[in-house]
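Predicted model only: the values in this text are computed from it and were never measured.
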Amino acid sequence: MLPDHVNMVLLSATVPNAYEFADWIGRTKQKKIFVTRTSQRPVPLEHCLYYSGELYKICENKLFLAQGVKAAKDAFNAKKSTPRAGGSSGQAGSFTAPGRGAAGHGGHKNSKGAPGQRSSASMVMAQKNSSGGWRSEASQWYSLIKNLSGKGFLPVVVFCFSKNRCDKSADSLTAIDLTSTSEKNEIRVFCNKGFSRLRGSDRQLPQVVRVEELLRRGIGVHHAGLLPIVKEVVEMLFCRGVIKVLFSTETFAMGVNAPARTVAFHSFRKHDGKTFRQLLPGEYTQMAGRAGRRGLDKVGTVIIMCWDEIPEEADLMRLLTGEPTNLESQFRLTYNMILNLLRVEDLKVEDMLKRSFAEFHAQRALPEQQQQLKEGEGELLQMNTTINCILGDPTIEEYFELAVEAEGLGEELHEAVMQSKGVQSLLVPGRVVVVYTPPLPVPTLGVILRASTPSSGSKNWIILAVNRGSNAFDSSISKATSGDSLSESITDGYYISRKSNRGLEDEYSVSSRASRKSAGVVKVSLPHYGTTGGIGYVAMEIDNKAIVSICKSKIPVDTVRLLEDVSSAAYSLTVQQLLQLEKQYPNQDPPVLDLVKDLKLNDITIIEKYYKRQRLLERMAMNQCHRCTLLHEHYNQFKKQSALKERVRRLKYELSDAALQQMPDFQQRIEVLQEVGCINSELAVQLKGRVACEINSGDELIATECLFENQLVDLDAAEAVALLSALVFQQKDASEPTLSTRLRAAKDRMTATAIRLGSLQAEHGLNIIPQDYAHDTLKFGLVEVVYEWAKGTPFAEICELTNVPEGSIVRTIVRLDETCREFKNAARIIGDSTLYQKMSDASEAIKRDIVFAASLYVTGVPS
C-alpha cells in the first residue's frame, strides 16, 4: 500500500532468503530490486567461552574451533575433580547488594508486587561451583569485568534475557567504579540536562535515582521496564563511550545503533513466551553483531558465560555456524483490516491476500499452472472417448469408485486384520483368497500355494490367481490346455468331494493321491502368466497387503507340480477349480471367514470398517464389469481419465481465490462480522462496522460491542479511561488491582462481552477458546493505576500500586491517549456527544508530566 513513488532501502544481517524476499517486493511493487550481499564483516568476530576466569576461543573467522571447547571442558573437569574444603577464591561466597528499595538508591516499598520484584534488598545470587563450594554470581561478574578491562575489551554489552536479571546483575556490582573523574562529570552534567524536563517528584523517582547512580560508575541497564527518557539517556551516554558495562535485553540489538568492543551472553537459553529454548542462530547473530566498532577495533569479541557447566559442542556449533531462520510472512487478517478493505472499492481482500509474502510462491507459480491447465484440458478433450462395453451399458465408473473406496479402507484394515495370529494360521496352501493382481486394485479369486520369506524378513505368499488383465504371459504355457491334458492332470492329482458335516471348516474336503515330497525350491519364474480355456492366470508372490479377503473355501493344490515341475496341466486344473467356484457363486465372491467367529477380532472400529469394505466388495462382484475380459483395459482407461480430470480440477482450484491460505479464515471472520451486525449479507459495511474501523489500539470487536451496549455511560472520565486500559495493557503477570464497586461491575460486563464474542467466533470455526480469548485480550492489571493517574496522583505514588515496571506503565498510558482519540471518533460517528466529551476529558487527564515528556531524540538535550 506504499505509494509507488516511494523508494525503499532495506538492511538486514540475518535474512538467509534475501533473494526470495527481494523477488516478492519486486513482483508486488512492479519494480526492479537490486540485492547487494556480503558475508564479510567490516570488523571480524571471535567467539569465546568464559569459565573460571579464563577465555577459551571457540570460533574465529567463521571457523569453529573444537579444541577451545575441549580445553574449557578439561578445565571444568579438572576443577570438579579437585575438592576444596571451603568456598572458592576471589570475592566472598555470597554478595549482598542494595536493591531498588535500599537506602541511597531511591527504593520504594512494593506494596502490591511479588517479593523481590520491586524491592531486592538482599540479592544473594550464588551458585554452587564445580569444586563443591559456593561462588556468587556477583563475584564472577567482578572477575569478568576485571579480565576484560585488563585486556582492553571494554565497553561490553551483556545480554540477559529478562528485565529482572538485568537489574539484579547491575545492582550487584556495588564495589565497581569504571569511570574517571572527567567521565563522572560528563555523566552528571548530561543527566542533569536530560532529566531537567522532569518536574517535582518525578525527578526523584526511584528508577531515575538508581540508574543515575549506576551511570556515574560506568554501569548501565537497558530494557523495556525503564522509563522512555531513562532509556534515551542510557543510549546516548553509551554512544558517548562513558558507559563501560551495559546490562541489556535483546531489544538493544534491534533498534539502537550502538556497537561495543565486546558482547557477552549471560546464557544462550531464553523464554519465548511459551517455553524455555536455546537461542536460534539468527538471534545470536543479531546480538553478537553489536561487537566490534568500525574504525576503532580490529576484532570484536563475543563471550558466552559458563556458570556451572560447559555447553555441548553440538549446541555451540549450531549456534555459531548454523543458518538463520528463513524470513516468513506474519500477515494476519483482522476484523479492522477486513472492514476497511470492504469500504474501498478499488482493492478487494482477496487482492491483499495475494500480495502477502505467504502467497508469494503460489503467485509466482501461476503462469506455469495456467499453462499446465491449458495442456490438461486439451489432453482431456482428446481422451474423452466413450468406453464401449460388450455386456451392455458401461458401468465402469461405478466400479472404479467402489474399487478406490474399498482400497482406501483396505489400507486402514491391513495391519489390524492381517497381522493377527488367527489369520496367519488360516493362510495355508489350498486356501482360497480374494487378492489384488497388479497393477490395478481389482479383486480376483486366487489360492495360496506356499508361504515365502524374502530377504526383508517379512512373510509373503505365493499364490495362483485368475487374471483377466492384458499382461504378457509365459510362452511355455500360453497355449490353452487341451481336454486330454486336463484329464491327465485329474488322474494324477486330486479330486474333490463334498463334506457331509462342515464346521468352520471348509467348503471342500481335500483328498489326493500321494505326491512326491517337495524339494522346497521354486523353479518357476515369478510372476508367471498363462491362459487356460481362454482365461488368464498368474502365479506371483504377494505380501499381506494384497490379500483382500480370506474365503472359507479350500481347493486341492499340487505345489510340487505347480512350482517345481511348472506343469501346465496342474495350472489348468487349479484355475478350473477357481472358475468352478466363481460359477458356484455368481455375481459374488465365495463366502469369507467371519471376522469375529473365525478371525477372533473384537475391535468394534475395525469390525465396522471390515464389514463396510465387504459390502463394497459385494457390490463390485455384482457389477457386470467384475468378471469381464476387458476389465483391466477399461479400468486403466477410466483411471487415466479420472486422474486427468482430478489434475485439471486441482489446477483450477489452485488458480482460484479459494486456494489462498487465509481464505478459510477470511470466510469465517466475514460470518462473524455479519452475525454481530458490522456488515450485511451483501458485505456492505453498516454503522457498527464503521465504528469498528476506528479502533486500532485494541480488540475492535470488544470495543465496538462495549460502545453499543453503553458500558461507559455510568462511568466518569477517569473510570472510563481506566477500564479502557484493559484493551491496551499486555503484561500477563501484573498484580491484582483494587477496584471500586463501579469499576468492578464494569470489568465484569466487559469480560462477559469478551466471552460471548469468543463463543461466537468459535461457533463459526475460528480456533478460539472463549475464556482464553477473554483472558488474553483483556488485561485489567493497570486499571487502578490508570484511574489514580487520571485523578492526578503523582507518578511515584502510582508506581507503588503495582509490580508493573515504570516503562510499561508509561507505554500503556501513551497508548491509552490514542485509544481515547479513537473512541472520540467513534462517538462522533454514532452521534454521542456525551461520550465524545468524556473521552476528551479523559485524554486531557492522562496527558501530563513524565508520561508525556518529549523525546530527547526529537528535542535534543538542553544546552
Side-chain angles (χ1 to χ4, degrees), residues 1 17 20-21 24-25 27-28 272-274 325-366 369 649-686 688-706 727-728 730 753-778:
M1 298 180 74
N17 53 335
E20 180 183 57
F21 186 64
W24 169 67
I25 295 176
R27 289 173 180 272
T28 303
D272 60 5
K274 297 179 181 179
T325 306
N326 276 350
L327 189 66
E328 296 180 354
S329 172
Q330 298 300 313
F331 176 78
R332 297 293 182 270
L333 281 173
T334 64
Y335 293 107
N336 184 285
M337 180 189 300
I338 293 172
L339 289 169
N340 279 296
L341 288 173
L342 290 176
R343 298 175 68 182
V344 179
E345 296 182 358
D346 296 336
L347 183 63
K348 297 192 301 181
V349 179
E350 293 86 345
D351 295 332
M352 180 67 75
L353 293 178
K354 289 176 183 177
R355 295 183 183 184
S356 74
F357 189 47
E359 298 293 340
F360 167 64
H361 293 291
Q363 296 300 307
R364 186 170 59 178
L366 283 182
Q369 289 177 330
R649 184 201 64 79
R650 179 174 52 80
L651 285 170
K652 287 182 177 179
Y653 172 79
E654 290 175 354
L655 290 169
S656 68
D657 290 342
L660 296 173
Q661 292 181 22
Q662 297 197 49
M663 185 54 68
D665 184 61
F666 169 64
Q667 296 293 350
Q668 292 161 354
R669 290 180 183 273
I670 284 291
E671 293 171 4
V672 172
L673 290 173
Q674 290 175 332
E675 185 81 15
V676 298
C678 288
I679 58 176
N680 60 17
S681 58
E682 297 178 353
L683 304 187
V685 179
Q686 306 300 296
K688 186 180 282 190
R690 290 170 56 201
V691 169
C693 286
E694 299 296 328
I695 309 299
N696 295 289
S697 58
D699 188 287
E700 55 269 41
L701 284 187
I702 296 177
T704 303
E705 287 298 305
C706 289
L727 293 170
V728 298
Q730 296 178 340
T753 298
I755 293 175
R756 176 174 59 81
L757 290 171
S759 300
L760 178 63
Q761 293 174 80
E763 290 171 5
H764 286 280
L766 289 166
N767 187 23
I768 285 177
I769 300 174
Q771 284 73 19
D772 291 348
Y773 169 73
H775 181 267
D776 294 341
T777 308
L778 302 177

Begin from the C-alpha positions of Glu675 and Glu763 and carry the test side-chain contact (heavy atoms from CB on, under 4.5 Å) through to its verdict.
CA-CA 11 Å; Glu675 185 81 15; Glu763 290 171 5; 5.9 Å; no

For side-chain contact (heavy atoms from CB on, under 4.5 Å), just list the numbers for Val672 and Leu701, CA-CA rounded to whole Å, side-chain angles, deciding distance to a tenth of an Å, and then say yes or no.
-> CA-CA 10 Å; Val672 172; Leu701 284 187; 4.2 Å; yes

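Taking the six-membered ring wherever Trp is involved, the centroid distance between the rings of Phe331 and Phe357 does not fall below 6.0 Å.
Annotation: the span from His764 atom NE2 to Asp665 atom CG amounts to 13.5 Å, rounded to 0.5 Å. Here the straight-line distance linking atom CD1 of Ile679 with atom CZ of Arg669 works out to 12.5 Å at 0.5 Å rounding. Taking CG of Asn340 as the reference point, atom CD of Glu694 lies at 8.0 Å (rounded to 0.5 Å). Taking OG1 from Thr777 and CD1 from Ile768, the interatomic distance works out to 8.0 Å, rounded to the nearest 0.5 Å. Atoms OG1 and CZ, on Thr334 and Arg332 in that order, are 12.0 Å from each other to the nearest 0.5 Å. In this structure, Gln674 CD and Glu682 CD are separated by 10.5 Å, a value rounded to the nearest 0.5 Å.
Not a single donor-acceptor pair under 3.5 Å links the side chain of Glu328 to the backbone N or O of Asn326. Counting only distance, with no hydrogens or angles, the side chain of Asp699 and the backbone of Ile702 share a donor-acceptor pair below 3.5 Å. Asn336 contributes a side-chain N or O that, together with a main-chain N or O of Ile695, makes up a donor-acceptor pair within less than 3.5 Å. Counting only distance, with no hydrogens or angles, the side chain of Glu700 and the backbone of Asn696 share no donor-acceptor pair below 3.5 Å.
Gly758 approaches Pro770 most closely through the heavy-atom pair C-CG, 3.9 Å. In plain terms, the two heavy atoms of Ile670 and Leu342 that are nearest each other are CD1-CD1, 4.1 Å. Here the shortest heavy-atom pairing between Ser697 and Val728 reads O-CG1, 3.5 Å. Shortest non-hydrogen contact noted between Lys688 and Val676 is NZ-O, 3.0 Å. Residues Ile755 and Ala774 come closest through the heavy atom pair CG1-CB, 3.7 Å. Of all heavy-atom pairs spanning Arg343 and Val685, the tightest one is CG-CG2, 3.6 Å.
Heavy atoms from other residues, nucleotides or ligands lying under 6.0 Å from CD1 of Ile769 number 12 at most. Heavy-atom contacts from other residues, nucleotides or ligands closer than 6.0 Å to NE2 of His775 number 12 or fewer.
Within the 4.5 Å cutoff, side-chain heavy atoms of Leu333 are placed close to those of Val349.
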